[in-house]
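Let me begin by presenting the structure, written as structure tokens, before commenting on it.
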Amino acid sequence: MYVMNKTAIISAIILIIIIAGVAVYYASKGGGKTTTTSTPSVSATASPTATGATSTPQTSSPASTTAPATTTAAGERNEVCVVYDIGGRGDLSFNDMAYLGASKAAKDFGLKLKEVQSTSESDYLPNLRTLAKSKKCAVIVAVGFLMTDAVKKVADEYPDQLFAIIDGYIPDKPNVLSVLFKEHEGSAIVGALAGMVAHHYKCKAVGVVLGMEIPVLYKFEAGYYWGIRYGEKIYEQHTGEKVQPLRILYTYTGAFNDPARGKTATEAQLANGACIVYNVAGATGLGIFEAVEEAAKKQGRDMGPPFAIGVDSDQDWIKPGFIIASMMKRVDVGVYTAVKRALDYYAGKVTKYGGILELGLAEGGVGMSRLEDLETFLEIGVQAGKIKPEQKQEIYEKVKKMREQIPQWIWDEAYKLQDTLKTNKDLEVYGVKFSDIEKMIPLDSKEIAKLREIFKVG
């Protein structure tokens with residue numbers, strides 16, 4: 001057994017007293033709190049990435065998977081910026097639809113709307129650059145295929161700026177969203193309507209007047225021709241009559257903003273037996289409507305035939321009684337969706353912004369106008385100063401009356417096709433399935449020529 005001597009015992013007691021004294025001293029000074037008070041400080045400085053993303057989201061790469069915060073879009077980049085092409089606002093069609101979508105997005109998301117009008121093609125680059133330099137735009141929307149090259153250039157110059165282009169195909173830039181539409185789907189519906197209505201009125205021909213010859217218009221053509229032949233097939237099945245195939249006429253005017261050319265082209269088609277002419281020419285199409293109305297009135301009619309078919313927006317009100325329906329290309333839906341996607345990107349809800357956004361029947365991006373659509377577009381006409389508010393009901397009643405003179409089964413078949421093509425593309429006419437046309441897109445001049453031959457156009 002180990003026994004301590006007296007000196008060792010005293011030394012141990014002194015050491016214990018010293019340790020106890022030190023412990024009491026630190027306890028009295030609160031030294032035990034050192035660890036807990038340091039924790040929040042460390043935590044605040046341990047997340048530099050998150051802090052930086054919040055303060056400088058506009059400098060984040062669009063390709064980055066670290067999305068900036070919503071507050072940046074709403075705070076620093078708080079504008080929806082729209083650049084119109086030379087067609088411009090007031091076309092009651094493509095550009096006015098873009099405005100409709102942009103203004104709704106601005107209102108819904110608490111942003112300002114900034115619009116810039118291009119008066120010539122040389123304006124595209126400076127207009128886009130000016131907006132990009134401002135660093136105020138959550139997204140810059142270029143309205144129209146004609147701005148494709150300008151958007152490519154400015155998107156490279158300002159990689160931190162988000163862009164969207166309507167009808168332009170720029171698939172490989174992370175800061176550009178290309179908004180495309182399945183025009184062939186919507187055109188097939190109005191084509192089927194044209195085919196059935198033309199035979200109902202014992203017409204010999206139908207036509208289409210187009211703007212500039214660009215690939216996107218080939219999609220309109222292809223769908224329209226397919227639809228006409230499909231409508232003839234349905235007409236035969238429903239009535240039991242053997243029909244003589246309609247002659248199909250087409251004319252490229254070379255312009256989207258020249259109503260005089262549209263009128264001249266339409267007058268020529270009417271003279272060749274057309275009783276329905278599809279407008280695929282933007283503001284040039286206003287001349288189509290005039291020509292159709294004048295031709296009907298010369299025959300003592302206050303409504304068609306002949307008829308026109310509107311495009312892009314619901315144009316049925318522009319010449320009530322003479323525009324049988326419109327192929328609604330919902331540019332407003334495309335612009336609105338592009339703005340929302342930009343904000344979702346800033347907010348981190350999506351990790352990628354750029355690419356292709358294609359809207360068709362299933363997405364509500366295209367379709368044939370209904371009477372229920374008319375009210376919204378009558379209001380656009382009021383805002384454009386084209387009609388007076390007190391005229392709205394009169395116009396509505398006349399469009400309704402015109403529609404009622406067409407057998408209901410024709411409308412039912414057209415809208416039935418609209419529903420069917422959302423899910424079934426195997427419908428076939430003249431040996432061409434609708435899915436065959438889709439596989440050919442983007443069409444070039446040789447392919448559209450081949451389709452014209454198959455559908456016996458011209």
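A quick note: this is a predicted structure, and the numbers were derived from the prediction, not measured. Just so it is clear, the values below take in all heavy atoms, side chains as well, and ignore hydrogens, waters and symmetry mates.
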Okay, side chain of [X], backbone of [Y]: is any donor-acceptor separation there less than 3.5 Å?
| X | Y | answer |
| --- | --- | --- |
| Lys352 | Gly354 | yes |
| Arg229 | Leu246 | yes |
| Thr284 | Ala255 | yes |
| Lys398 | Asp302 | yes |
| Gln405 | Gly304 | yes |
| Arg261 | Ala265 | no |
| Trp226 | Ile437 | no |

So do the side chains of [X] and [Y] get within less than 4.5 Å of each other, counting heavy atoms only?
| X | Y | answer |
| --- | --- | --- |
| Tyr336 | Asp108 | yes |
| Tyr396 | Leu371 | yes |
| Glu290 | Pro259 | no |
| Val139 | Tyr353 | yes |
| Tyr415 | Ile189 | no |
| Ile228 | Phe455 | no |
| Val382 | Glu379 | yes |
| Gln393 | Glu397 | yes |

Can you sort out the partners of [X] under side-chain contact (heavy atoms from CB on, under 4.5 Å), two or more places apart, ordered by chain and number?
| X | answer |
| --- | --- |
| Glu363 | Leu359 |
| Lys416 | Glu413, Thr420 |
| Arg452 | Glu213, Tyr218, Glu221, Tyr225, Tyr250, Tyr252, Ile448, Val457 |
| Ala142 | Leu128, Met147, Val151, Ile165 |

Go through the steps to decide whether Asp332 and Lys104 satisfy the test side-chain contact (heavy atoms from CB on, under 4.5 Å), and finish with yes or no. CA-CA 9 Å; Asp332 58 330; Lys104 185 177 189 307; over 6 Å; no
Quick one: [atom1] on [X] to [atom2] on [Y], what's the gap to the nearest 0.5 Å?
| X | Y | atom1 | atom2 | value |
| --- | --- | --- | --- | --- |
| Arg247 | Cys203 | CZ | SG | 14.0 Å |
| Met328 | Met97 | CE | CE | 5.0 Å |
| Asp316 | Ser326 | CG | OG | 4.0 Å |
| Thr266 | Leu249 | OG1 | CG | 11.0 Å |
| Arg129 | Glu157 | CZ | CD | 4.0 Å |
| Lys392 | Ile395 | NZ | CD1 | 9.5 Å |

Least distance between heavy atoms, [X] atom then [Y] atom:
| X | Y | value |
| --- | --- | --- |
| Tyr224 | Ile276 | OH-O, 4.3 Å |
| Ala281 | Leu210 | CB-C, 3.7 Å |
| Ala188 | Leu417 | O-CD2, 4.0 Å |
| Ala150 | Leu125 | O-CD2, 3.8 Å |
| Leu443 | Ala222 | CD1-CB, 3.9 Å |
| Asn175 | Tyr158 | ND2-O, 3.3 Å |

With a 4.0 Å cut-off on N to O distance, would you call Arg89 and Asp96 a salt bridge?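 So Arg89 pairs with Asp96 through a salt bridge.
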Between Lys153 and Asp156 (salt bridge meaning N to carboxylate O under 4.0 Å), is one present in this structure?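 Not counted as a salt bridge, because no side-chain N and carboxylate O are separated by less than 4.0 Å.
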Is there a side-chain contact (heavy atoms from CB on, under 4.5 Å) between Val208 and Phe220 once you walk through the steps? CA-CA 10 Å; Val208 54; Phe220 282 91; over 6 Å; no
Would you tabulate the side-chain donor-acceptor contacts of residues 317-325 under 3.5 Å, counting partners in other chains and residues two or more places apart, or write 'none'?
residue	atom	partner	partner atom	Å
Trp317	NE1	Asp314	O	3.2
Trp317	NE1	Phe377	O	3.4
Lys319	NZ	Glu293	OE1	3.0

Does atom OH (Tyr169) have a neighbourhood of more than 12 heavy atoms from anything else shown, all under 6.0 Å? no
What do you reckon, is CD of Gln299 surrounded by more than 12 foreign heavy atoms closer than 6.0 Å?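 It does: Gln299 CD has more than 12 such atoms within range.
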Can you tell me which residue among Ile288, Ile309, Asn279 is in a side chain to side chain contact (heavy atoms under 4.5 Å, CB included) with Gln315? Asn279
Does the side chain of Ser369 come under 3.5 Å of the side chain of Asp373 through a donor N or O and an acceptor N or O?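 No, Asp373 and Ser369 have no side-chain donor paired with an acceptor closer than 3.5 Å.
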Ignoring hydrogens and geometry beyond distance, is a side-chain donor-acceptor pair present between Glu115 and Tyr99 at under 3.5 Å?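 Side-chain D/A pair, Glu115 to Tyr99: absent.
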Step by step, would you call Leu217 with Phe256 a side-chain contact (heavy atoms from CB on, under 4.5 Å)? CA-CA 12 Å; Leu217 265 59; Phe256 287 112; 4.1 Å; yes
Checking side-chain hydrogen bond (donor to acceptor under 3.5 Å, both in side chains) between Ser118 and each of Asp85, Asp123, Asn127, which is the one that passes? Asn127
Test side-chain contact (heavy atoms from CB on, under 4.5 Å) on Leu111 and Leu343; report intermediate values, then the result. CA-CA 11 Å; Leu111 304 173; Leu343 298 180; 4.1 Å; yes
Which is it for Lys298 and Glu294 under the salt bridge (Lys or Arg N to Asp or Glu O under 4.0 Å) test, yes or no, and what are the steps along the way? CA-CA 6 Å; Lys298 283 180 180 176; Glu294 286 182 8; 5.1 Å; no
side-chain hydrogen bond (donor to acceptor under 3.5 Å, both in side chains) partners of residues 181-195, not counting sequence neighbours, each pair once: Glu183-Lys219, Glu183-Lys329, His184-Glu438, Glu185-Lys425, Ser187-Tyr278
